[in-house]
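First up is the structure itself, then whatever we jot down about it.
Predicted model, so just to flag it, every value in this text is computed and none were measured.
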Amino acid sequence: MTTGMKLISPPQPSLRAADPRQDHLPRPSYPKILRKLNKGFLEHKFNSLSISNVKTVAEFRPNKGVAMALRQWIDGDETAAEMLTRVLKERTSLLVPPLHRVPLHVGNVVELVGPSGSAKTQILIQAAVNCILPKEWNGIRYGGLECSVVFIDLDCRLDISRLAQVLKLRILEGNGSGDWGNFDALYTTCLRRFFYIRCYDSFEFLATLKTMHHKLQKERDDLGIRLHLLMIDSIGAYHWVDRVSSSLPLWGYNRKGFSLANMLEAAVEEVKKLLLVHPSIVIASKATIFGDRSSDIVRREKSLSETESRHGKTDGGQVLYREYMPSAWQSFVTHRVFVRGSDEYLTVSSCEHQSIYFSEWLLPSLGVLDKFIVKNAGVFMVP
């Protein structure tokens with residue numbers, strides 16, 4: 001009956017009337033026709049949605065608890081007084097001799113530079129004890145910051161017993177004739193806020209910085225203490241080792257060249273990431289070197305007074321040390337203090353003499369030379 005079938009396409013709507021006599025009638029515009037077609041297409045798609053699809057979309061709505069939390073976040077959950085208390089607590093400054101002339105706040109990076117035997121580690125211990133001590137304990141005021149401290153020992157020469165000695169003497173000084181029964185409890189609580197890490201090469205140092213966030217987060221959740229001070233002693237400990245290792249062949253073609261600058265640049269980036277999550281003060285000690293002729297000479301910007309210049313070095317008292325750290329670290333430092341020993345002594349008693357050390361702010365340059373001594377109870381300024 002049918003030898004073949006012909007597919008007949010539906011008639012296409014003509015935009016022009018079939019009757020030539022109706023040419024005088026207004027013709028519909030193309031944009032209006034497209035809007036009608038789009039509207040009909042959207043209505044068709046909406047009507048084709050099943051009830052199950054509508055329920056699936058509704059499941060993405062927040063539940064009552066989430067909605068309440070969002071409402072509380074929008075409305076605000078603290079008064080102006082509470083906000084000021086929180087902000088001022090987060091911006092607590094660190095004032096410790098001989099770093100007392102410039103208040104140190106969260107985000108500052110302090111470089112403590114000086115030759116060997118200039119009491120750099122003693123200053124770090126003094127700052128650590130000030131942080132881990134509480135502000136007040138059982139009605140006795142100790143004047144601490146009650147925060148945690150991370151001490152990364154790259155020199156592997158920190159004497160923990162020295163830290164314990166300074167802490168005990170500070171607690172005994174605060175107690176006076178007060179309560180002695182809670183001495184052990186306070187001493188243990190303070191030591192829990194001190195985290196000591198020892199590294200033996202640059203790779204261990206980088207691994208420590210990369211994994212430190214999880215450790216600090218766990219301690220903050222368990223003990224409720226926050227990091228306030230990150231110490232590095234000393235940042236240039238692997239200078240010569242890394243310089244020699246930079247000449248070794250790479251393990252793969254895709255690896256970045258190993259060099260002192262690359263290692264310090266990576267360390268700076270990790271410290272920056274850590275400060276974003278755990279805002280704190282960074283204090284790093286650095287030993288001076290004079291044998292590296294390729295390094296830059298650091299000179300004093302402001303001249304000291306006649307009395308203070310007598311304690312300076314040779315070469316007019318202007319040459320302090322040679323800078324050997326890469327530019328990535330130098331630009332990261334916000335404050336710099338130069339410390340050194342001297343030949344002067346302070347007579348404490350007929351049989352006791354204390355060596356006098358000098359400290360000078362280079363960044364910012366204050367042009368003032370301070371004197372300090374190191375006693376069993378810590379660092380003390382000398383008038």
Side-chain angles (χ1 to χ4, degrees), residues 85-108 110 112 119-153 158-197 212 215-216 219-233 278-285 335 337 359 372-381:
T85 303
R86 175 176 56 83
V87 171
L88 293 177
K89 182 178 181 181
E90 293 177 354
R91 298 184 178 182
T92 303
S93 60
L94 178 64
L95 295 174
V96 54
L99 310 178
H100 62 287
R101 288 195 175 273
V102 178
L104 301 178
H105 301 280
V106 169
N108 295 149
V110 185
L112 195 61
K120 297 188 297 296
T121 304
Q122 300 296 329
I123 297 174
L124 296 182
I125 292 176
Q126 179 82 358
V129 171
N130 282 15
C131 282
I132 62 179
L133 276 173
K135 296 180 180 179
E136 187 176 346
W137 181 275
N138 290 341
I140 302 176
R141 182 170 179 81
Y142 295 94
L145 300 180
E146 203 168 342
C147 300
S148 62
V149 175
V150 174
F151 194 105
I152 303 178
D153 189 7
L158 177 65
D159 188 4
I160 298 297
S161 61
R162 173 58 181 163
L163 173 72
Q165 180 188 27
V166 176
L167 178 59
K168 289 180 179 179
L169 293 178
R170 287 287 301 275
I171 295 176
L172 294 177
E173 178 185 358
N175 285 343
S177 59
D179 186 13
W180 292 78
N182 295 327
F183 172 82
D184 295 335
L186 176 58
Y187 178 74
T188 305
T189 302
C190 292
L191 289 182
R192 287 178 180 174
R193 303 189 183 107
F194 184 83
F195 302 96
Y196 176 72
I197 304 173
M212 189 181 300
K215 176 66 175 178
L216 295 177
E219 295 296 333
R220 185 168 62 180
D221 296 340
D222 296 344
L223 303 179
I225 55 177
R226 57 186 177 87
L227 177 65
H228 187 73
L229 186 58
L230 173 63
M231 295 182 168
I232 305 175
D233 187 23
H278 304 276
S280 57
I281 302 174
V282 180
I283 302 180
S285 65
H335 298 72
V337 181
S359 65
F372 66 93
I373 60 175
V374 178
K375 305 171 80 173
N376 292 334
V379 179
F380 298 89
M381 301 303 299

Student check: side-chain heavy atoms of Val150 and Ile197 closer than 4.5 Å = yes
Minimum side-chain heavy-atom gap Leu186-Tyr142 below 4.5 Å = yes
Of all residues at least two apart in sequence or in a different chain, which pass the salt bridge (charged side-chain N to carboxylate O under 4.0 Å, His left out) check with Arg192?
-> none
Sorted by chain and residue number, the ring-ring contact (aromatic ring centres under 6.0 Å, His included) partners of Phe372 (sequence neighbours excluded) come out as Tyr357
Evaluate side chain to side chain contact (heavy atoms under 4.5 Å, CB included) for Leu163 paired with Leu158, printing each intermediate quantity in order.
-> CA-CA 9 Å; Leu163 173 72; Leu158 177 65; 5.8 Å; no
Point-to-point distance, once rounded to the nearest 0.5 Å, from NE2 of His100 to CG of Leu94 = 12.5 Å
Minimum side-chain heavy-atom gap Val337-Ile123 below 4.5 Å = no
When rounded to the nearest 0.5 angstrom, what is the spacing between CG in Asn175 and CZ in Phe183?
-> 7.5 Å
Would you say Gln165 and Asp159 make side-chain contact, with heavy atoms under 4.5 Å?
-> no
Could you tell me whether a side-chain N or O of Arg162 sits under 3.5 Å from a main-chain N or O of Asn376, the two making a donor and an acceptor?
-> yes
Let me see the working for Leu191 and Thr188 under side chain to side chain contact (heavy atoms under 4.5 Å, CB included), right down to the final yes or no.
-> CA-CA 5 Å; Leu191 289 182; Thr188 305; 5.9 Å; no
Of all heavy-atom pairs linking Gly174 and Ile140, the shortest is O-CG2, 3.2 Å
How far apart are the closest heavy atoms of Gln126 and Val379, and which atoms are they?
-> OE1-N, 3.2 Å
Within the distance-only criterion (no hydrogens, no angle test), does the side chain of Arg220 pair as donor or acceptor with the backbone N or O of Arg226 below 3.5 angstrom?
-> no
Partner residues of Pro103 under the side chain to side chain contact (heavy atoms under 4.5 Å, CB included) criterion, sequence neighbours left out = Ser93, Leu95, His105
Note: Ala127 and Ile283 closest approach over all heavy atoms is CB-CD1, 4.5 Å
Non-hydrogen atoms of Glu146 and Lys135 that approach each other most closely | OE1-N, 3.6 Å
Which residues share a side chain to side chain donor-acceptor pair (under 3.5 Å) with His335, sequence neighbours left out | none
Rounded to the nearest 0.5 Å, how far does OG of Ser285 lie from CD1 of Ile232?
-> 9.0 Å
So Trp137 and Thr189, side chain to side chain contact (heavy atoms under 4.5 Å, CB included) or not? Walk me through it.
-> CA-CA 11 Å; Trp137 181 275; Thr189 302; 3.9 Å; yes
Do you know the tightest heavy-atom contact between Leu229 and Ser280?
-> N-CB, 4.0 Å
Taking side chain as C-beta onward, heavy atoms only, is His228 less than 4.5 Å from Val106?
-> yes
Any side-chain heavy atom of Arg193 within less than 4.5 Å of one from Cys131?
-> no
Side chain to side chain donor-acceptor pair (under 3.5 Å) with Tyr187: which residues, sequence neighbours excluded?
-> none
Please name all residues satisfying salt bridge (charged side-chain N to carboxylate O under 4.0 Å, His left out) with Lys215, sequence neighbours left out, ordered by chain then number.
-> Glu219
Roughly how far apart are Leu112 CG and Lys120 NZ, rounded to 0.5 Å?
-> 7.0 Å
Distance, nearest 0.5 Å, that separates CG of Leu227 from CZ of Phe195 = 8.5 Å
When rounded to the nearest 0.5 angstrom, what is the spacing between CG in Leu99 and CG in Asn108?
-> 11.5 Å
In short, Cys190 meets Leu167 closest at the heavy-atom pair CB-CD2, 3.9 Å
Leu230/Ile152 under side chain to side chain contact (heavy atoms under 4.5 Å, CB included): CA gap, chis, key distance, verdict | CA-CA 8 Å; Leu230 173 63; Ile152 303 178; 4.0 Å; yes
